[in-house]
Structure formats: structure tokens, C-alpha cells
> 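Let me give you the structure first, and then I'll get to my questions.
Hydrogens, waters and symmetry mates play no part in the numbers below; they use all other heavy atoms, side chains included. Quick caveat: nothing in here was measured; it's all calculated off a predicted structure. Reminder, nothing fancy here: chain letters follow the sequence lines and each chain counts from 1.
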Number of protein chains: 2
Amino acid sequence: MPRGDDKLSGQTTPTINDVAALAGVSKKTVSRFINKSSLMSDATRDKVSRAIKQLGYVPNPQARALALRRNFMIAMLHDNPNGQTVLNFQKGVLAAIKDSELALAVRPVDRTSPELLVEIEAFLSMQRPLGVLILPPISERDDIVDLCKRLDIAYMRIGSTALDDPAHCVASNDRAVVHELTTALLAKGHRDIGFVRGPEGFRSPVEREAGFRDAFADSGVTLDESLIGQGNYRFDSGLEAGRALLGRKNRPSAIFASNDEMASGVLHAAYSFGLSVPDDLEVVGFDDTATASHVWPTLTTVHWPIEEMGRLAAMKLVSEFLGGTTDEFDLDQVVVDSYIVERASARLT
Amino acid sequence: MPRGDDKLSGQTTPTINDVAALAGVSKKTVSRFINKSSLMSDATRDKVSRAIKQLGYVPNPQARALALRRNFMIAMLHDNPNGQTVLNFQKGVLAAIKDSELALAVRPVDRTSPELLVEIEAFLSMQRPLGVLILPPISERDDIVDLCKRLDIAYMRIGSTALDDPAHCVASNDRAVVHELTTALLAKGHRDIGFVRGPEGFRSPVEREAGFRDAFADSGVTLDESLIGQGNYRFDSGLEAGRALLGRKNRPSAIFASNDEMASGVLHAAYSFGLSVPDDLEVVGFDDTATASHVWPTLTTVHWPIEEMGRLAAMKLVSEFLGGTTDEFDLDQVVVDSYIVERASARLT
DNA sequence: TTGTAAGCGTTATCAG
DNA sequence: CTGATAACGCTTACAA
């Protein structure tokens, strides 16, 4: 019983040998067809193609993996506190590889672990994925990227700004869109706008804050530094920063929280002060996760195109392995635009 | 250059042959050690173990996959509209396989697609995972399970009630805990309690509604059928059902929404009627997703132990491949208990 | 343009 | 209990 016989039906899964025999060519020729080699006569190509169709042959990824020293999967590496973000990104990636033979392996890591690099190396050299998608914030770490290079594994870094050359990153334009939203608040007449910053040590909080400051500078309005509070992207930190800002004598008339979860905390802070949103206070967030439309009032926020970024990143990463279908999109595209979503917590018009 | 030489360092990744040579045994013996065969003398076992440690040898999963016709990964099959649920489950699974050599492949499917089974078969026979974790609601489908059996792939069904024999399922006790929570509302004096049902055609909504009805029956209170509204587990349906219930002449004094997202919709409905929660209306949900603590007021709900279920399911699924570490938990455990989480939207004491 | 032979790194068979 | 030998299904030299 040499090959993968099907227990119940007695059918045998066709292998490259069966195809070769039926087409009357060598297995190497079939292999060439599978790998889309250009060195084939149209006649043979046709014969092989017909035989494959007739047998319903599907190349065995495990065998290819062994021969090619490369598994037919892509990996998602992340240490992201926000589940919704990871999930939305994952959705985009899966959409991109839906019709391919690729699998998606998800690998959460702990960025605070001293074993981080060792663990990632173990994972990568074990699974040997075709490529790795690295999510923020660990996408900012050069040591992880160096590891990928050393292991000769393709990688794609995701970030709030371009973190690498166009072949290796996908980014959103956080700074520009925060600038836009802040400018809209200023144009409405707000002068005392609070800002809740994200965690220190990462890039996206820096970008978002920079956009906020840019808007003040460009509008010629002086920014009151004491209205900038520190958060860490979690709900509780938004609640706390919101309480601090709203407890001041001259409380702000609007608060920009640099993500939705903190914005949701700010809403709770407003309630605890008996303030009505948006009448007494306008609140805006960033991300447009499910939270944004489930809080009361619904949150005016920035749609962070994380799903679309996942799709683009996966496309770029695997394009070389899927030759052909790459025409639909631009391999050099790096930035996926964010946009403002106006809901109830702040009216912009 | 026969083997996997490391480009930069010139080091060579050790293979089973290197181990065999160093230990002075045949590769088959090393293979026996790797596969934890009991047919080995302690002396050889020791020699091999030492050689492996010395070389830092790690078996190549691709080669094993080819020989064993089985990939070293487990797959998660789902068509779940709730991202948070999928993600929490995933967290549990990853915790279970964290220290193993296994990868987790995520596979969302479309249960409404006529190609569903074909697609799943293509995926499974391609990737040949060690096992499949099937999430609700598709875990209820026997055709998918039959497919797994035919392909000889281990499976584990997740559900709101035991869907299979103990070796093949993990379940929560939705009916019992809804009974408990409803009883608590009745004990507080509520008589007109609205209920927002989940989508038709699935098991968990049936279980949750049954628990609700049980409580009325056991408490000897007559249930007003017109207070039972239909939802579909989405926010909007909760909003709509909530509006319908609250627009009645004799509006309910409490509403049990069968998941948090719909409960959140009910809260919005209450606001739109100018009702204050929990003073004018008490609201409870089910799931205890992040939403529950981010809405205002925070939601009294049932903690659905989806993460723990993921952990248990993965443990049970892979226990046979990871011999040894299985002592810590009970392989026959099926039910993971849910429990009530009291927050602000309903006070139970 | 095509085919032959020799791997890829592991496990199964079956004899010792 | 151990080991030679032949798979597993595909790809990469290297010829032809």
C-alpha cells in the first residue's frame, strides 16, 4: 500500500507520478508545470494540465515543504493588546490568501519577555513560513527583522508610518488624519482640546500626537500643554486621564483620545462628572473598532484601515509565490488611507 | 552542500543523522526517541538524549509531516460573527499549545456557501492538521464532523451544550447559568422580564432561552410570551428588539439579552426612551466580552468561558501527541462552567 | 525543452 | 531492543 490510500473508499490520492504517467511525461515536467516554469512547450503544458484536471491532482504541500525547505503558510507575529485590531488584520490577511493553498499561522508573543527573540527564532526555523507579517508595536523592532533576514524569511512590517522600504512595509497615515480631525475641531471653535496620549516607547502614539500638535501649529492656536494626558491605550487609562482633564477648573470642551478604548474611558469619565456628550463635551477617538459604535453616544473616530492593511500586506508578501494575480493592485503601495467617521460624540459640520 | 547550511554563520542545522552518528546508533533509534517509543533500553535513551542536547537538535516538522502524512498544526474552523469570541477562544488554544512545536492555523468559513464542505475538505486534505477545533455554530453540523472522520483527522466540537461524546466535545452550561441569573432577577421582584432571543437555527439561543423559561417554571411565575423578542446576536437587533419591548404600554422592568452585543443595543434603546439603567430598567447580557465593561453602565452579564474552553479543547485534542503533560487536567472534562458577573446594569443582591 | 538520478529529513517495515 | 532499507511526494542538479 505505497500511497495515501483512502481508507473508506479505496480511492488513492493522485501523486505527481500518476500525473506524469497519465500525461506521458516525467515527474520533473509535472513539477515544472506546478511551479509555473516558463521553460515548457505549450504542447506539454497542455498535456500536463489536462492530466492534472482529469485526476483532480493537488500537489502535496508537505512534500513540497520538505523539498523547498519552506512551508506553505504565512505567519502573523504580534504582541498587540487590542484583540479587535489583531482580528481585523487577520480578516484582511485571510481575504488575501483565501483562494490560495496557503495557511495562516497566528503567533502571539510577549514583547517584555527576555526570551522574545529566541522564541521567535524557534518558531520561525521550525515552521519555516513563506513569510511573516509583523504587527505593531513589535514591527518597530529591528532585531526581529534582522532575524527574518538571517533566516531568509520574507517579512512585512505594519505600522503607523513607513517603517521600512516599500517592499517590506505597509503603513497608515495616522499623523495626517489626526491633523485633519483636530483641525476640524479647531474650526468648530474648540480651543481647549484635551489629548490622551498612547503608551510611551512606541511609534503610533508619537505619530498621533504629532498630528494633533501639527494642527494647532498650522491653525495658529496655542496648545495648552497641561491638556495633554498620558494613557496606555487601555480603557482604564482613558477613564483616569479623562477624570483628570475634566476635574480641572477650565475643563476642555473636547477631548481627543488616541484610541477608541481610551475614548470609551473618557466617556465614562464624562458621565461620572454628570457631563453630557456631545453637548457639554465632544469626544473623538481613533481606530473605529466595534467599540466605537457600541458606546453611548456612538463615537466619532478615525477609521484605521487595519483590515485593508492586512490584505495589502499579505498580497505583497505572497505575490511572488502566486504569480499572475498581482496585476490588480500596486505592489509598491505602502500607505493605506485612514478616514474620519462622524458619529454622535462629536459633530464636525 | 547537502544539508540546511546557514548562509551567514556557516553553521549547519543538525539532522537526525548527525544525532545518530554522535550517539553511535541508527537514525531509526533516534526516531524512536523523538516519538517517545517505549521499546528502548535506558542506556540508549540516555545516549540519544545526550547527543540531542549537545547538538541542539530539533526534529524537522516538514520531514515528519511528509513521513507521517500529518502536519504539526491544529486548525480552528469557524464561522462566527463575533470577533471577540473567536479571538478569546484563540487565546485559550494558543495558551495550550504555547510550549509545543505546534502551530495554529485559523480558517474562517462561510456557512451559507454551497461550497462549504468542498472548501473545508480542500483545506483539510491539503494542510492535514493533527486535529480541528470546530467553533459554534458550525460545530453543530454533522456533515463537517463526518468529513473529519472520513479524512481521519481528530476533531473537537465546541458548543453551548455537549454536542458529541466526551472525547470530541467541550461545552459550556448556558442553560443552567441563564436559569440562575433569571432566578436572581425574579427573586428581586421582577415579574415582567423581557428576553431577546438569538438567531434561529442554532443551538446556543435555544439553550439560553430554555434556561430562561426553566427559571419561570421553577419559580412558579407565568411567563408573558409577548415579552420574548427575536434577535440575531447583533447590536442592531438588540436595539430594535429593545425598542419594541420598551415601547409597550406595560414595559418590562428588566431585559435579558442573550448576548452582550444585543444587550448593548438594548441599552441604546433605553436611552432613546429616556430611561435610566438600572433605575428604570435593569439589563443583563451574556458572554462577558470586552463590550460588557465598556458600555455605560457596565453590563451585568454571564461570563462565558470561551477562552478556557479553547484551552481545554486544544489540550484534549493534542494530548495524545504530547504524552506526559496530560496529568494536569481531566481528559474527560466536557463542561466548563459559566458564572454571573455583576456590574452596574443590574444589581442582583 | 525534457528526463535521470540524487536528494530533502523523517518514519515504517521487517529482519536480526 | 536495534538497525538496514525502502518509502513519503516533490525539487534541484546535471545531462541529454
Side-chain angles (χ1 to χ4, degrees), chain A residues 1-6 12-48 51-52 55 57-72 101 125-128 130 152 321, chain B residues 1-6 12-48 51-52 55-72 101 125-128 130 321:
Chain A
M1 196 159 45
R3 272 192 310 277
D5 291 28
D6 185 306
T12 183
T13 315
T15 74
I16 198 170
N17 291 303
D18 301 320
V19 177
L22 180 60
V25 298
S26 76
K27 51 199 277 201
K28 177 63 213 180
T29 299
V30 179
S31 170
R32 286 201 180 86
F33 179 88
I34 295 169
N35 295 289
K36 304 185 173 62
S37 161
S38 51
L39 304 142
M40 287 181 76
S41 74
D42 285 349
T44 0
R45 201 190 305 276
D46 219 57
K47 273 194 299 188
V48 175
I52 287 179
L55 291 170
Y57 166 71
V58 179
N60 178 316
Q62 284 77 46
R64 302 187 74 194
L66 179 56
L68 291 167
R69 303 150 159 289
R70 195 111 298 182
N71 228 330
F72 284 83
E101 60 204 307
S125 53
M126 191 118 202
Q127 295 297 335
R128 294 178 182 274
L130 284 187
D152 194 30
F321 303 101
Chain B
M1 197 162 44
R3 273 192 311 278
D5 291 29
D6 187 304
T12 182
T13 315
T15 74
I16 198 170
N17 290 305
D18 301 321
V19 176
L22 179 60
V25 297
S26 76
K27 49 200 279 200
K28 177 63 208 178
T29 299
V30 179
S31 170
R32 285 199 182 88
F33 179 87
I34 295 168
N35 294 288
K36 303 187 174 63
S37 161
S38 50
L39 303 141
M40 286 181 78
S41 74
D42 286 348
T44 4
R45 203 191 304 278
D46 218 57
K47 273 194 298 189
V48 175
I52 287 178
L55 292 170
Y57 166 72
V58 179
N60 177 315
Q62 284 80 46
R64 301 187 75 192
L66 178 57
L68 291 168
R69 304 153 157 291
R70 194 113 300 180
N71 229 331
F72 285 83
E101 60 204 308
S125 53
M126 193 118 201
Q127 296 296 336
R128 291 178 184 276
L130 283 187
F321 304 100

> Would you mind classifying the nucleic acid contact of A:Leu68 as base, sugar-phosphate or nothing, using non-hydrogen atoms under 4.0 angstrom?
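Contact class for A:Leu68: sugar-phosphate only.
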> Without decimals, in angstroms, what is the distance between B:Leu39 CG and C:dC14 P?
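Whole-Å distance recorded here is 16 Å.
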> For the helix from C:dT1-D:dA16 to C:dG16-D:dC1, measure the angle between the helix axis at one end and the axis at the other, each built from five pairs, rounding to 10°.
30°
> Are the side chain of B:Asn71 and the backbone N or O of B:Gln127 linked by a donor-acceptor pair below 3.5 Å?
yes
> By nearest atom, which of the nucleotides C:dC8, C:dT1, D:dC1 is closest to the A:Arg69 side chain?
C:dC8
> For a quick test of reading the model, state the closest non-hydrogen atom pair linking B:Ala20 to B:Ser26 and the distance between them.
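Heavy-atom minimum between the residues: CB-C, 3.8 Å.
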> Kindly compute the distance separating CD1 (B:Ile16) from CD1 (B:Ile34), expressed to the nearest 0.5 Å.
4.0 Å
> Send over the distance from A:Arg128 CZ to C:dT10 C1', rounded to a whole Å.
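The distance from CZ of A:Arg128 to C1' of C:dT10 comes to 14 Å, rounded to the nearest Å.
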> Taking side-chain contact (heavy atoms from CB on, under 4.5 Å) as the test, write out the residues that go with B:Leu68, two or more places apart.
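Testing B:Leu68 for side-chain contact (heavy atoms from CB on, under 4.5 Å), a comparison that skips the adjacent residues, returns B:Arg64, B:Arg70, B:Phe72.
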> Would you classify B:Pro59 as touching base, sugar-phosphate or nothing, given that sugar-phosphate means primed atoms plus P, OP1 and OP2, and contacts are heavy atoms under 4.0 Å?
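The residue B:Pro59 makes sugar-phosphate contact but no base contact.
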> Roughly how far, to the nearest 0.5 Å, is the OG1 atom of A:Thr29 from the CG atom of A:Leu39?
11.0 Å
> Using the side-chain heavy atoms of A:Thr15, tell me which of these nucleotides is nearest: C:dT2, C:dG9, D:dC10.
D:dC10
> Figure out the CG/P separation between A:Asn71 and C:dG9, and round it to whole Å.
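Result: 14 Å.
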> In residues 23-33 of chain B, which residues come under 4.0 Å of DNA chain D by heavy atom?
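Per residue number, the list reads B:Val25, B:Ser26, B:Lys28, B:Thr29, B:Arg32.
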> Checking side chain to side chain contact (heavy atoms under 4.5 Å, CB included) between A:Gln62 and each of B:Arg69, B:Gln62, B:Arg128, which is the one that passes?
B:Arg128
> Round to the nearest Å and state the distance from A:Asn17 atom CG to D:dA7 atom C1'.
12 Å
> How close or far is atom P of D:dC1 from atom CG of B:Asp46, stated in whole angstroms?
15 Å
> Just compare D:dT11, C:dT10, D:dC10 and give me whichever is closest to any side-chain atom of A:Asn35.
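Selected nucleotide: D:dT11.
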> Where do A:Pro14 and A:Leu55 come nearest, in terms of heavy atoms and distance?
CG-O, 3.5 Å
> How many Å lie between CG on B:Leu66 and C1' on D:dT11, as a whole number?
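Value for this atom pair: 12 Å.
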> Whole Å only: how far is the CZ atom of A:Arg64 from the C1' atom of C:dG9?
18 Å
> Expressed as a whole number of angstroms, how long is the span from B:Asn60:CG to C:dG7:P?
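From B:Asn60 CG to C:dG7 P: 17 Å.
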> A:Val30 and side chain to side chain contact (heavy atoms under 4.5 Å, CB included): which single residue from A:Thr15, A:Asp18, A:Asn17, A:Val48 fits?
A:Val48
> Counting distance only, does the side-chain N/O of B:Asn35 pair as donor-acceptor with the main-chain N or O of B:Ser31 below 3.5 Å?
yes
